[in-house]
Amino acid sequence: MRTPFLAVAALVVAAGCTGDDDSDPTASSQGAAFLSCVFGSGIQLGVGEVRAFRGTEGEVLCVDAGGDAAEFTLVPFFASSNGEARLRVSTLGGNLQPVTGPPNPSLGGEEVPGADLPARDQEFHLRVLNEARRILRIRSASPGTAPLASRAGGSQPAPSAAPPSVGDVITLTVPRFDLSGVNPCEVVHTQQGRVAAVSQRAILVNDVANPSGGLTDAELQTFGQQFDDLVYPVDTQYFGTPTDIDQNGRVIIFFTRRVNELTPPNSGGYVGGFFWAGDLFPRQATQRFDACPRGNVAEIFYILAADPQGSINNNPRSRDLVLRSSLGTIAHELEHLINASRRMFVNNANRFEETWLDEGLAHSAEELVFYQATGLGPRQNIDLARLTSSPAITSAVNQYMIENFGRLLTYME
């Protein structure tokens with residue numbers, strides 16, 4: 001016998017406060033009746049269907065989930081900003097449970113991938129994007145100005161500048177975001193970095209001032225190979241080819257303690273890395289671009305360094321954390337680099353991408369790399385059993401998707 005799942009939503013405000021802009025919010029909702037639904041009495045909704053409910057005091061909306069195997073999400077939403085309307089929501093039927101609270105680290109005895117990873121500092125990341133849009137100005141190109149097709153896109157020529165060699169020590173600047181009221185194009189850290197690997201598309205650099213116990217040259221060489229084989233092809237397929245303003249044919253990936261220092265002492269979260277658009281700007285202003293006097297004038301982004309002992313701000317960052325999380329960060333930051341560089345030099349735009357869209361595309365980049373790495377794809381009803389079906393898939397979840405799952409959980413809550 002079928003046992004329907006029911007969601008029961010009752011409007012428990014006084015009559016008249018039904019979402020109209022001119023409704024009276026002052027009446028008390030105390031004592032409002034709550035009418036019960038019975039099994040089989042609710043409406044059934046199709047996939048993607050939305051229905052508006054405009055009720056009065058004590059009225060009830062019953063939704064029938066359709067059977068034992070059904071899954072659904074009920075999202076109460078008020079269209080009016082006026083008044084103090086409240087909904088009372090209850091559930092009837094077996095196995096109905098609300099999604100509340102923090103994620104459970106185990107479901108049915110299976111470990112959720114990435115449950116032990118600290119959370120990335122999303123607020124800092126958005127602040128960097130917004131700082132670029134506030135400080136750096138792109139002016140409209142003169143009519144008829146051709147894009148720099150020789151430095152980006154399908155006609156990109158062979159690099160004209162030789163990359164550094166493994167073992168070389170190079171000087172790089174890292175913009176400062178730990179001081180309020182300063183311009184990150186003018187106030188920077190000057191760091192010495194040792195080139196640990198050079199791949200076809202990347203230059204992997206270790207800050208010589210990084211804490212002991214960090215990543216080895218061999219591990220950074222693996223990052224370079226994964227960048228060449230997976231991250232770069234996927235990102236460029238969907239978002240375009242980045243520029244090559246330093247003309248070495250590669251992106252610099254700098255693992256530096258300066259990223260670790262951005263996280264306050266004894267913090268539960270962390271900054272995994274960032275891209276700074278100022279590094280694409282000239283050091284002296286031009287007709288089109290503001291100056292970024294202390295930028296690197298190169299395609300570069302900055303990644304968290306391993307710090308097993310927590311010597312930086314008492315925040316331990318294990319080698320395993322960096323190895324598991326950095327490739328997803330790299331895929332994310334590469335999208336930001338592609339987006340900014342193409343708007344500046346290829347599409348002749350006069351402003352950066354909107355922050356919300358740029359960030360959404362970067363999150364999509366992580367998911368697209370995950371699909372490529374696992375052979376999975378959209379619309380496959382990928383559940384926990386699938387995500388833990390092989391070590392390779394679980395590893396890919398931790399590398400590329402765990403942050404997106406966290407954002408989904410926040411949305412659902």
Side-chain angles (χ1 to χ4, degrees), residues 118 120-121 124-125 127-128 131-132 163-164 166-179 182 184-199 202-224 227 246 250-265 267 269-280 292 294-334 336-337:
R120 295 185 196 170
D121 189 337
F124 168 81
H125 189 70
R127 181 160 66 91
V128 172
E131 278 290 278
V166 173
D168 287 353
V169 175
I170 61 178
T171 300
L172 297 169
T173 61
V174 182
R176 295 194 65 168
F177 296 98
D178 55 337
L179 300 174
V182 303
C185 273
E186 298 174 350
V187 182
V188 301
H189 297 287
T190 300
Q191 303 294 117
Q192 300 298 307
R194 179 183 175 276
V195 177
V198 178
S199 68
I203 301 170
L204 291 299
V205 182
N206 243 335
D207 193 328
V208 299
N210 282 346
S212 60
L215 301 187
T216 65
D217 284 7
E219 288 166 332
L220 290 183
Q221 288 168 8
T222 299
F223 270 120
F227 184 81
D246 53 3
R250 295 164 175 83
V251 175
I252 301 172
I253 305 174
F254 189 25
F255 290 77
T256 173
R257 63 176 291 127
R258 298 303 184 183
V259 172
N260 304 55
E261 292 171 2
L262 294 167
T263 303
S267 175
Y270 74 106
V271 175
F274 66 92
F275 160 73
W276 171 237
D279 285 316
L280 300 176
C292 190
R294 304 295 301 279
N296 288 293
V297 195
E299 288 76 16
I300 181 174
F301 39 80
Y302 312 88
I303 301 296
L304 181 80
D307 182 12
Q309 305 304 317
S311 61
I312 303 171
N313 290 345
N314 199 31
N315 291 318
R317 302 292 180 234
S318 68
R319 286 165 33 84
D320 182 63
L321 170 66
V322 176
L323 290 170
R324 280 202 283 173
S325 66
S326 294
L327 208 57
T329 302
I330 289 170
H332 182 111
E333 303 307 333
L334 178 59
H336 288 318
L337 167 60

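Checked by atom type and distance alone, the side chain of Asp279 pairs as donor or acceptor with a backbone atom of Asn296 at under 3.5 Å. Proximity of a side-chain donor or acceptor of Asp217 to a complementary backbone N or O of Ala197 within less than 3.5 Å is not detected. When atom types are taken as modelled, the side chain of Arg319 and the backbone of Gly214 share a donor-acceptor pair closer than 3.5 angstrom. At distances below 3.5 Å, not a single donor-acceptor pair connects side-chain atoms of Arg176 with backbone N or O atoms of Val187. The main-chain N or O of Ala209 is found under 3.5 Å from a side-chain atom of Asp207 such that the two form a donor-acceptor pair.
Taking OH from Tyr270 and CG from Leu321, the interatomic distance works out to 5.0 Å, rounded to the nearest 0.5 Å. To the nearest 0.5 Å, atom CD1 of residue Ile203 and atom CG of residue Asp246 are 7.0 Å apart. For the atom pair CG (Leu337) and CG (Leu280), the distance works out to 6.0 Å, reported to the nearest 0.5 Å. Note: Asn210 CG to Asn260 CG = 7.0 Å, rounded to the nearest 0.5 Å. Taken from CD1 in Ile300 to CZ in Phe254, the straight-line distance is 7.0 Å, to the nearest 0.5 Å. If you take CD1 on Ile252 and CG on Leu172, they are separated by 5.5 Å, rounding to the nearest 0.5 Å.
In this structure, the side chains of Leu304 and Phe255 stay at 4.5 Å or more apart for every pair of heavy atoms. By the 4.5 Å heavy-atom criterion applied to side chains, Glu131 and Pro184 are counted as neighbours.
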> What's the verdict on side-chain contact (heavy atoms from CB on, under 4.5 Å) for His189 and Thr256, showing C-alpha distance, side-chain angles and the deciding distance?
Replying inline: CA-CA 11 Å; His189 297 287; Thr256 173; over 6 Å; no

>> Before you tell me yes or no, could you show the steps for Thr171 and Thr190 under side-chain contact (heavy atoms from CB on, under 4.5 Å), namely the whole-Å CA-CA distance, both residues' side-chain angles and the distance that decides it to 0.1 Å?
In response: CA-CA 7 Å; Thr171 300; Thr190 300; 3.6 Å; yes

>> Working note: Phe227 + Leu204, criterion side-chain contact (heavy atoms from CB on, under 4.5 Å); need CA distance, chi angles, decisive distance, verdict.
In response: CA-CA 10 Å; Phe227 184 81; Leu204 291 299; over 6 Å; no

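When all heavy atoms are compared, the tightest approach of Gly224 to Ser199 is O-OG, 3.6 Å. Counting all heavy atoms, side chain and backbone alike, Thr173 lies closest to Arg294 at OG1-O, 2.7 Å. Between Pro163 and Arg250, the shortest heavy-atom distance links the atoms CG-NH1, 3.6 Å. Closest heavy-atom contact between Arg317 and Ala305: CB-O, 3.9 Å. The minimum heavy-atom distance between Pro316 and Pro308, with the atom names listed, is CB-O, 3.7 Å. For Cys185 against Gly278, the heavy-atom pair with the smallest separation is SG-CA, 4.1 Å.
Listed by first and then second residue, the salt bridge (charged side-chain N to carboxylate O under 4.0 Å, His left out) pairs that reach into residues 297-312 come to none, sequence neighbours excluded.
Taking the six-membered ring where the residue is Trp, His125 and His336 present tilted rings, their angle falling between 30° and 60°.
No salt bridge links Asp178 with Arg258; every basic N to acidic carboxylate O contact stays at or beyond 4.0 Å.
Considering Phe275, Trp276, Phe274 as possible partners of Tyr302, the one that fulfils the ring pair (Phe, Tyr, Trp, His ring centres under 6.0 Å) test is Phe274.
Other residues, nucleotides and ligands place more than 12 heavy atoms under 6.0 Å from the CD atom of Gln192.
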